[in-house]
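The block underneath contains the structure these notes are about, expressed in structure tokens.
Counting starts at 1 for both ligands and their atoms, following the listed order.
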Amino acid sequence: MASQKHLKGPDVYARTFAADEKSLLAIAARLEARAKHSFFQQVVGDYLGALALGGNESVLDLGCGTGAIARMIASRDDRIGRVTAIDISPYLVETGKRLASEEGLADKITFLTGDAHSIDELQSQFDVLIMHTLVSHVVDPSTVLQEARRLLHPDGRIVVFDGDFESLTYATDAPDGGAETDRLQAIAGHTQGRVMRLMPRLLSDNGFRLEWSKAYVAADIGRSDFWSSTLPALRVLLPSAGVMSEREASDYVDKLESASLKNTFFASCNFYTMIARGIHTG
Ligand SMILES: C[S@@+](CC[C@H](N)C(=O)[O-])C[C@H]1O[C@@H](n2cnc3c(N)ncnc32)[C@H](O)[C@@H]1O
């Protein structure tokens, strides 16, 4: 049976169950900052709009991290349904619980620790299951989609939002324009860089019918904006993944920050949302 503990690559977001506190602090800060950015607010607003929730649906935020998306949903005035948030990292789950409590949302969200490849204690409980940048980090996306199918009511809906991380690029002044550092970033921060290209087929193979999709380009040209909260995290996470020394990571980020000050920064990645419904089999 696939499990996150079978992970072979260096992806720091995929190893949160065993990461040191410095890395987890950097991850938590990055997740919180990007969730507040207008790009992610728009993405979440778009898929919640497409779902047209009535307010009473049970929602699962799988791979919730600090619960930023679960809190966004639970804080909506029209929400009366239950929100559950699950992550493999006990540290991130505890951070999520603390933030939910500080925001007065403690009684609206149930936080649990678990591996998305097998959430044994829950079954057929949810109307909507959201994977907001989870699937690019898991060992086996097919097993996670099968598990999602089991966790949802038979005609429940799944929302998969993630980056196409083979398109992620930060231009640098290196002779290759940043191609090698892009490659290092891709393996340090993601396990399934091409998974969103495969997602329509994976959804179909695992009992879902695609109903809605939307594409985005997160491009910062001249000054860093959406990507600016990634830069401090990279100083910690690239060495933590073992792909750069602390000095190399620091030089790399210094140059990117300086490019932003000089209005010569360029970073970009494609993102996609897909919403699919479980196909009745019996
Ligand atoms: C990029 S973060 C996204 C967090 C959150 N969804 C957000 O957008 O703020 C990826 C999250 O997936 C979690 N994760 C990775 N593999 C997992 C697995 N097999 N089961 C559950 N969570 C997992 C990590 O701990 C991390 O919190």
Hey, is the main chain of Lys97 close enough, under 3.5 Å, to the side chain of Ser101 for a donor-acceptor pair? no
Would you please classify the geometry between the Trp227 ring and the Tyr170 ring as parallel, tilted or perpendicular, with 30° and 60° separating the classes? perpendicular
Return the protein residues near ligand 1 (heavy atom under 4.0 Å from any of its atoms), ordered by chain and residue number. Gln4, Tyr13, Thr16, Leu31, Arg34, Gly63, Cys64, Gly65, Asp87, Ile88, Leu92, Gly114, Asp115, Ala116, His117, His132, Thr133, Leu134, His137
Does some side-chain heavy atom of Val217 sit less than 4.5 Å from a side-chain heavy atom of Ser268? yes
Arg71/Glu32 ion pair, N-O < 4.0 Å: yes
Side-chain contact, heavy-atom cut-off 4.5 Å: Thr16 with His137? no
Just to verify, what does Phe39 make a ring-ring contact (aromatic ring centres under 6.0 Å, His included) with, not counting sequence neighbours? Tyr216, Phe226, Phe271
